[in-house]
Amino acid sequence: AAGTVPRRRLPASDMGRGLSLLLLPLALLAAPARAEGGTAAAEEVRIEVLHLPEACIPKSKKGDLLNAHYDGFLASDGSKFYCSRTQNEGHPKWFVLGVGQVIKGLDIAMMNMCPGEKRKVTIPPSLAYGQQGYAQGKIPPNATLIFEIELFAVNKGPRSVEAFNQIDRDGDKKLSELEISQYLKEEFARDGKERHPSAHDEILADIFKKNDHDGDGFISAKEYNVYQHDEL
């Protein structure tokens, strides 16, 4: 449903810090969104800058952690199919740019964008939900989408070298189950949220399932930097 909720910006410390790290998948629009073969090259995302701050730094790049509000409209009739301000008590969304946590058109549209910038972007079907559409999101097949985006923050991505070194306590360039387990315990203690006792073990198992590609019981620097995500 369209509508507005007073904006509340989350400080960086409330991101769950590194919990979004290699952990829980995030998504702006959680639905299948695969570009249709052969057409993407001929179609482009159209970007209109609505507002550009005088100090436009830093500019977003692949792997950065972004915080933004956005509204989504169908280009065919202008109807709104999504509004981030009506979800999560109106908090802006956090997601990693350029790794498939959003539709491909949004990954493209939000590159080189700075905090405080506003854009209106038009995304062709081949870079959105393609021929299949997304019925749950009220997006018909072959729909061109328009998003109005306001970006609030650009931070170092969760898979930065700094984040890896923070977890890799023995400096052997690979993350052990013990190192990640300890990191999870510390993050849980920092955010203070109540969790089921099994949450720690479930998240730890999920991390290794999605990132330990060679099954050696460690997550190497290479595995850590290969962005893994559920198909969106």
Side-chain angles (χ1 to χ4, degrees), residues 1-17 19-20 23-33 45-53 58-125 127-129 133-140 143-155 157-158 191 193 227 229-232:
T4 58
V5 174
R7 297 178 194 161
R8 294 174 58 194
R9 303 186 185 186
L10 290 176
S13 60
D14 288 342
M15 287 187 290
R17 297 176 183 267
L19 258 190
S20 53
L23 317 183
L24 306 178
L26 306 174
L28 285 180
L29 301 174
V45 175
R46 297 199 304 273
I47 299 174
E48 177 185 356
V49 177
L50 303 178
H51 174 71
L52 188 66
K59 290 191 174 183
S60 60
K61 62 185 183 302
K62 181 177 179 180
D64 281 344
L65 186 63
L66 305 188
N67 184 232
H69 264 317
Y70 54 91
D71 295 322
F73 306 84
L74 297 180
S76 58
D77 60 7
S79 61
K80 183 182 288 188
F81 63 83
Y82 193 82
C83 176
S84 64
R85 293 176 176 86
T86 64
Q87 296 193 0
N88 193 28
E89 297 183 342
H91 291 305
K93 302 293 183 181
W94 289 103
F95 66 98
V96 178
L97 182 65
V99 301
Q101 291 184 349
V102 296
I103 57 175
K104 187 173 181 63
L106 280 174
D107 268 339
I108 294 170
M110 297 185 70
M111 290 287 182
N112 297 311
M113 196 172 179
C114 57
E117 185 174 344
K118 297 179 183 180
R119 290 182 178 181
K120 180 179 180 181
V121 302
T122 303
I123 301 174
L127 298 175
Y129 293 91
Y134 176 32
Q136 184 179 345
K138 300 181 180 179
I139 299 172
T144 295
L145 307 180
I146 296 173
F147 284 92
E148 292 182 357
I149 306 164
E150 182 174 6
L151 183 61
F152 298 129
V154 177
N155 295 316
D191 68 28
K193 295 180 180 178
Y227 288 97
H229 56 275
D230 297 333
E231 285 293 330
L232 301 177

Would you say Lys62 and Met111 make side-chain contact, with heavy atoms under 4.5 Å?
-> yes
Reported CG-to-CG distance for the pair Leu151 and Leu66, which is rounded to 0.5 angstrom = 5.5 Å
Classify the ring geometry between Tyr70 and Tyr82 as parallel (under 30°), tilted (30 to 60°) or perpendicular (over 60°).
-> parallel
Heavy-atom closest pair (Ala109 atom, Ile47 atom, distance to 0.1 Å) is O-CD1, 3.8 Å
At what distance, to the nearest 0.5 angstrom, does NE2 of His69 lie from NE2 of His91?
-> 9.0 Å
Enter the distance from His51:NE2 to Glu117:CD here, rounded to the nearest 0.5 Å.
-> 8.5 Å
Quick one: pull up CG in Leu74 and CG in Leu145 and give me the separation to the nearest 0.5 Å.
-> 6.5 Å
Tell me, do Ile146 and Lys120 make a side-chain contact under 4.5 Å, heavy atoms counted?
-> yes
Output yes when a side-chain donor or acceptor of Thr144 lies under 3.5 Å from a complementary backbone atom of Pro124, and no otherwise.
-> no
How many angstroms lie between atom CD1 of Ile103 and atom CD1 of Ile139, to the nearest 0.5 angstrom?
-> 7.0 Å
Just say parallel, tilted or perpendicular for the rings of Tyr134 and Tyr129, cut-offs at 30° and 60°.
-> parallel
Do Asp107 side-chain atoms and Leu97 backbone N/O form a donor-acceptor pair below 3.5 Å?
-> no
Do the charged groups of Asp64 and Lys61 touch, with an N to O distance under 4.0 Å?
-> yes
Kindly give the heavy-atom pair with the smallest separation between Gly105 and Val45, and that separation in Å.
-> O-CG2, 3.7 Å
Any side-chain heavy atom of Val102 within less than 4.5 Å of one from Phe147?
-> no
Side chain Ser60, main chain Met110, donor-acceptor under 3.5 Å | yes
So, are Asp71 and Arg85 salt-bridged, with charged N and O less than 4.0 Å apart?
-> yes
Beyond-backbone contact of Met113 with Ile149, side-chain heavy atoms, under 4.5 angstrom = yes
Rounded to the nearest 0.5 angstrom, the CD-CD distance for Glu48 and Glu148 is 9.0 Å
Answer whether the closest heavy-atom distance between the side chains of Pro115 and Pro53 falls below 4.5 Å.
-> no
